[in-house]
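All values below come from the heavy atoms of this structure, side chains included, with hydrogens, waters and symmetry mates left out. Count residues from 1 along the sequence.
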Amino acid sequence: MNRQTPYILSLLLFISIAWAGCGTDDTDPQDTGMTGDVPVDSAEDIGPDTSDTGNDTSDAANDVDAGPSTLMPRLEFRSRQTSGCSGVGGCTDGVSVNVTSKRITKFSPDIQNDPISDLSDEDARMLIEEVLTESTIQKMDSSWDCGSSEPQNDRVYELEGRIADEFPARQVTQDITGCIEDDSAPDSTRVQEIRDTLLNLRSKYFDN
């Protein structure tokens with residue numbers, strides 16, 4: 001029995017060394033597999049950067065100047081006789097401007113076919129900034145304070161606008177006779193400024 005003891009101890013030592021070696025071989029493949037995840041993370045980081053560049057390009061494309069626009073693109077000033085009219089082109093005398101189509105039209109009892117001319121970008125923008133303002137639109141949608149609107153000298157004065165706050169656009173007409181014939185009416189000054197601006201444009205495009 002004592003002679004076999006060293007042999008048994010040597011056998012146990014050999015088995016222990018062999019078992020430790022097998023454990024090391026099983027661990028190494030697992031470590032190698034974990035390092036293989038790194039390329040996947042790098043690819044995901046690159047993806048969002050590429051999509052952000054595309055979004056910036058689309059935003060820049062949308063920043064385009066669409067040109068002049070207004071809630072009331074068309075306005076007309078006209079006067080008409082209430083009796084004794086025998087003009088070739090009817091009883092209406094006046095002018096119409098449209099800043100969307102950039103056109104100006106002249107009305108006159110002496111002209112059968114109303115002449116039309118292109119409105120310059122500068123004049124269209126001036127009309128938007130100085131005439132077709134929010135306050136003008138509100139007055140056209142309600143009424144101008146012009147006092148008595150009884151016509152004098154057999155002539156009526158009107159402003160007609162097209163308000164595009166809904167579809168189809170609404171056409172509104174306001175009698176401004178009192179503001180034209182009486183300077184004391186509350187809205188006389190503003191109405192006469194609009195009239196003078198439109199008539200000056202009419203003279204610029206058709207009478208020069």
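No side-chain heavy atom of Lys102 sits under 4.5 Å from any side-chain heavy atom of Asp118. In this structure the side chain of Arg170 reaches within 4.5 angstrom of the side chain of Asp165, judged on heavy atoms. Using a 4.5 Å heavy-atom threshold, the side chains of Trp144 and Ile194 count as touching. A heavy-atom distance below 4.5 Å is found between the side chains of Leu132 and Leu75. Side-chain atoms of Arg74 and Thr100, non-hydrogen and from C-beta on, never get closer than 4.5 Å to each other. Between Thr70 and Val99, the closest side-chain pair of non-hydrogen atoms falls below 4.5 Å. Two residues are said to be in side-chain contact when any heavy atoms from C-beta on lie closer than 4.5 Å; Val97 and Leu198 meet this criterion.
The distance from the CG atom of Asp141 to the OG1 atom of Thr136 is 12.0 Å, given to the nearest 0.5 Å. For the atom pair Leu201 CG and Ser117 OG, the distance stands at 10.5 Å (nearest 0.5 Å). For the atom pair CG of Asp196 and CZ of Phe77, the computed distance is 8.5 Å after rounding to the nearest 0.5 Å. Between the CD atom in Glu181 and the SG atom in Cys146 there is a gap of 10.5 Å [rounded to 0.5 Å]. The distance from atom CG of Leu127 to atom CE of Met72, rounded to the nearest 0.5 Å, is 10.0 Å. Within the model, atoms SG of Cys179 and NZ of Lys139 stand 8.5 Å from one another, a figure rounded to the nearest 0.5 Å.
Crowding of Glu122 atom CD: a count of heavy atoms from other residues, nucleotides or ligands under 6.0 Å not exceeding 12.
Side-chain contact of Gln192 with Asp183: a donor-acceptor pair under 3.5 Å is present, judged by distance alone.
Taking the side-chain hydrogen bond (donor to acceptor under 3.5 Å, both in side chains) definition, one finds that Tyr205 meets it with Ser120, Asp123, sequence neighbours left out. For Asp207, the salt bridge (Lys or Arg N to Asp or Glu O under 4.0 Å) partners are Lys106, not counting sequence neighbours. With sequence neighbours excluded, no residue forms a side-chain hydrogen bond (donor to acceptor under 3.5 Å, both in side chains) with Asn113. Under the side-chain hydrogen bond (donor to acceptor under 3.5 Å, both in side chains) criterion, Glu158 pairs with Arg78, Arg80, not counting sequence neighbours. Arg155 is linked by a salt bridge (Lys or Arg N to Asp or Glu O under 4.0 Å) to nothing, counting only residues two or more places apart in sequence or in another chain.
A donor-acceptor contact shorter than 3.5 Å links the side chain of Arg202 to the backbone of Phe107. A donor-acceptor pair is defined here as one N or O able to donate and one able to accept, closer than 3.5 Å; such a pair exists between the side chain of Thr177 and the backbone of Tyr157. Side chain of Ser188 to backbone of Asp182: a donor-acceptor contact under 3.5 angstrom is found. Side chain of Asp187 to main chain of Arg190: no donor-acceptor pair is present (N/O by atom type, distance under 3.5 Å, no hydrogens or angles). No donor-acceptor distance shorter than 3.5 angstrom exists from the side chain of Gln81 to the backbone of Cys91, with no hydrogens or angles considered.
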Pair Glu160, Val172 - check side-chain contact (heavy atoms from CB on, under 4.5 Å), show working. CA-CA 6 Å; Glu160 180 179 286; Val172 294; over 6 Å; no

Quick one, Val95 with Leu199, criterion side-chain contact (heavy atoms from CB on, under 4.5 Å). Give me CA distance, side-chain angles, the key distance, then yes/no. CA-CA 7 Å; Val95 57; Leu199 290 181; 4.3 Å; yes

Using the salt bridge (Lys or Arg N to Asp or Glu O under 4.0 Å) rule, take Glu76 and Arg162 through it: C-alpha gap first, then chi angles, then the decisive distance, then the call. CA-CA 9 Å; Glu76 176 180 324; Arg162 184 179 296 275; over 6 Å; no

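Hydrophobic clustering (ILVMFWY, side-chain heavy atoms < 4.5 Å, transitive): Phe206 and Leu119 are in one cluster. With hydrophobic clusters built from ILVMFWY side chains whose heavy atoms lie under 4.5 angstrom apart, Ile116 does not share a cluster with Ile104.
The shortest heavy-atom contact between Ala164 and Ala169 is CA-CB, 4.0 Å. Across Ile111 and Pro115, no two heavy atoms sit closer than the pair CG2-CD, 3.9 Å.
Judged as a salt bridge (charged side-chain N to carboxylate O under 4.0 Å, His left out), not a single pair has a partner in residues 127-138 (not counting sequence neighbours).
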